[in-house]
Amino acid sequence: MDNLTHALLGASLIGLRVVPPQHRRGVWLAVMLGSQAPDFDLLPSLFSAQAQVAWHRGYSHSLLGMAVIAGLVTLTVGILEPRLPRSQILMWVMVAVMLHCGVDTLTSYGTKVFYPLQAGTVALDILYGLDLVILGILSIGAVLDYRGQRYALTVALCCVIIYVVGRGALHKVMVTAVAKQYSVSKFSVLPDLNPLGAWTVIIDTGEAYQVGQINPVGSKLIVKANYSKNLAQPLVQSIRNDPTIDSYLAVARYPIAEISSKGSKWVIRLTDLRLWPHLSFNAVASLNGDLKLEKVKIGP
């Protein structure tokens, strides 16, 4: 999820109003730092394209990483706010960190919860990376809380929980509907940026993917496009040893390769169809006339 949503979720914990006034500053620091700390793994991406895909939602979002982060944040808050007992700081930090990582697990990108014991990603496909309904509910709660409505954030948090449970039930219904229509072993029903619109369906047919949309009302599936994987192409195979390409393919659930030429040069664009139709997170490799890899970037 986006960091503003994480911050508002952290603030909603303060809205529970179970903290003595003299401890509110310390608890505020604990939940705010705890709600943001797992995403500090984005900092290495400022210096390396590989780190952008290899590190994000890896160690810092695992059970082991959560424990380490909670310890470091507790030490930091303990120095800044010594009046608050360390045990209380740790409790609030752990709740905030677990809430952050738990919500991220509900998205299509997911998190590596059991890393490094298990390299796979847990992604429940219930929420998009930015959910406008959740952001709106929490924002309204924060504004009302600021204006003196004592339990506004608590009510907002309860509404978010009900909304997420409803999304989970809806997702299960649509998965069942797709499974009845297609006899395939691998497919996904994914949320879209529009939380009230159709969901994306990706069906793995072997050498290609069928991509379409399913309407929550009636669960009618409409196939929109077909994409060849092209991953076995010699040019694609020639770049797979690059660390950035390897890291991208390791986290991509439905990767495809698009190959094009510009004069004597070649461009290979790797795309994870989980983001369809918002195909903006790609690994783009440029090869020279001798088919030697010149540059790899992450982006459109």
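The basis for the numbers below is simple: all heavy atoms, side chains too, and nothing from hydrogens, waters or symmetry mates.
- Note that the CG atom of L13 and the CE atom of M32 stand 7.5 Å from one another [nearest 0.5 Å].
- Here the CG-CD1 distance, from D242 to I268, works out to 10.5 Å after rounding to the nearest 0.5 Å.
- Linking ILVMFWY side-chain heavy atoms closer than 4.5 Å, directly or via other members, places L144 and I137 in two distinct hydrophobic clusters.
- For M98, the CE atom counts as loosely surrounded, since its 6.0 Å shell holds 12 or fewer non-hydrogen atoms of other residues, nucleotides or ligands.
- Although no hydrogens or angles enter the test, the distance criterion places a donor-acceptor pair under 3.5 Å between the side chain of R167 and the main chain of P195.
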Candidate pair D272 and Y254, rule side chain to side chain contact (heavy atoms under 4.5 Å, CB included), full reasoning: CA-CA 5 Å; D272 186 352; Y254 296 104; 4.0 Å; yes

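- Here the side chains of L9 and L138 are in contact, with some heavy-atom distance below 4.5 Å.
- Using a 4.5 Å cut-off between side-chain heavy atoms of Ile, Leu, Val, Met, Phe, Trp and Tyr, with links allowed through other members, V68 and W92 fall into different hydrophobic clusters.
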Trace of the side chain to side chain donor-acceptor pair (under 3.5 Å) decision for N230 with E258: CA-CA 7 Å; N230 292 329; E258 298 174 288; over 6 Å; no

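- Side-chain contact between V201 and M174 is absent, with no heavy atoms from C-beta onward closer than 4.5 Å.
- Taking every heavy atom of both residues into account, L153 and A11 meet most closely at CD1-O, 3.5 Å.
- Within the 3.5 Å criterion, the main-chain N or O of G206 finds a donor-acceptor partner in the side chain of K229.
- At a threshold of 4.5 Å between non-hydrogen side-chain atoms, the residues L99 and S35 do not count as touching.
- Closest approach of R86 and G78 over heavy atoms only: NH2-O, 3.5 Å.
- Of all non-hydrogen atoms in V211 and Y227, the two that sit nearest each other are CG2-CD1, 3.7 Å.
- Judged by distance alone, with hydrogens and angles left aside, the side-chain atoms of Q213 form no donor-acceptor pair with the main-chain N or O of L221 at under 3.5 Å.
- Listed for the D125 side chain is no donor-acceptor partner under 3.5 Å among the backbone atoms of L190.
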Stepwise side chain to side chain contact (heavy atoms under 4.5 Å, CB included) test for Y59 and L64: CA-CA 7 Å; Y59 280 111; L64 177 60; 5.7 Å; no

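- Using bins of under 30°, 30° to 60° and over 60° for the plane-to-plane angle, the ring pair H6/H100 lands in the parallel bin.
- I89 pairs in a side chain to side chain contact (heavy atoms under 4.5 Å, CB included) with only one of the listed residues (T76, V77, L80), which is V77.
- Nearest heavy atom pair, residue D131 against residue L127, reads OD2-CD2, 3.5 Å.
- V175 has its side chain within reach of F187: a pair of non-hydrogen atoms, C-beta onward, lies under 4.5 Å apart.
- No continuous path of hydrophobic side-chain contacts links L231 to V267 [ILVMFWY only; heavy atoms under 4.5 Å].
- Here the side chain of R253 pairs no donor or acceptor atom with the backbone of R274 at under 3.5 angstrom.
- Within the 4.5 Å cutoff, the side chain of L270 has no heavy atoms near those of the P255 side chain.
- Counting heavy atoms from C-beta outward, D246 and N241 have side chains that stay 4.5 Å or more apart.
- Considering CD1 of I69 and SG of C101, their distance stands at 6.5 Å, rounded to 0.5 Å.
- No salt bridge links K292 with E294; every basic N to acidic carboxylate O contact stays at or beyond 4.0 Å.
- When all heavy atoms of A123 and S108 are compared, the closest pair comes out as CB-O, 3.4 Å.
- Ring geometry for Y248 versus F281: interplanar angle of 30 to 60°, hence tilted.
- Closest non-hydrogen pair, G141 versus A152, comes out as O-CB, 3.5 Å.
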E81/W28 under side chain to side chain contact (heavy atoms under 4.5 Å, CB included): CA gap, chis, key distance, verdict: CA-CA 10 Å; E81 192 61 33; W28 179 268; over 6 Å; no

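- Within a 6.0 Å radius of NZ in K172, no more than 12 heavy atoms belonging to other residues, nucleotides or ligands are found.
- Here OG1 of T121 is found 7.5 Å from OH of Y109. Values are rounded to the nearest 0.5 Å.
- The line from NZ of K265 to CG of L287 is 10.5 Å long, rounded to the nearest 0.5 Å.
- Criterion: ILVMFWY side-chain heavy atoms under 4.5 Å apart, direct or through other members. Under it, V73 and V103 are part of a common hydrophobic cluster.
- Between atom CD1 of residue I256 and atom OG1 of residue T271 there is a gap of 5.0 Å, rounded to the nearest 0.5 Å.
- In this structure, the side chain of D204 does not engage the main chain of Y209 through any donor-acceptor pair within 3.5 Å.
- Between the side chain of T107 and the main chain of D104, a donor-acceptor pair closer than 3.5 Å is present.
- Hydrophobic clustering of Ile, Leu, Val, Met, Phe, Trp and Tyr side chains at less than 4.5 Å, counting indirect connections, unites I239 with L235.
- Formation of a donor-acceptor pair under 3.5 Å by the N282 side chain with backbone atoms of V284 is not found in this model.
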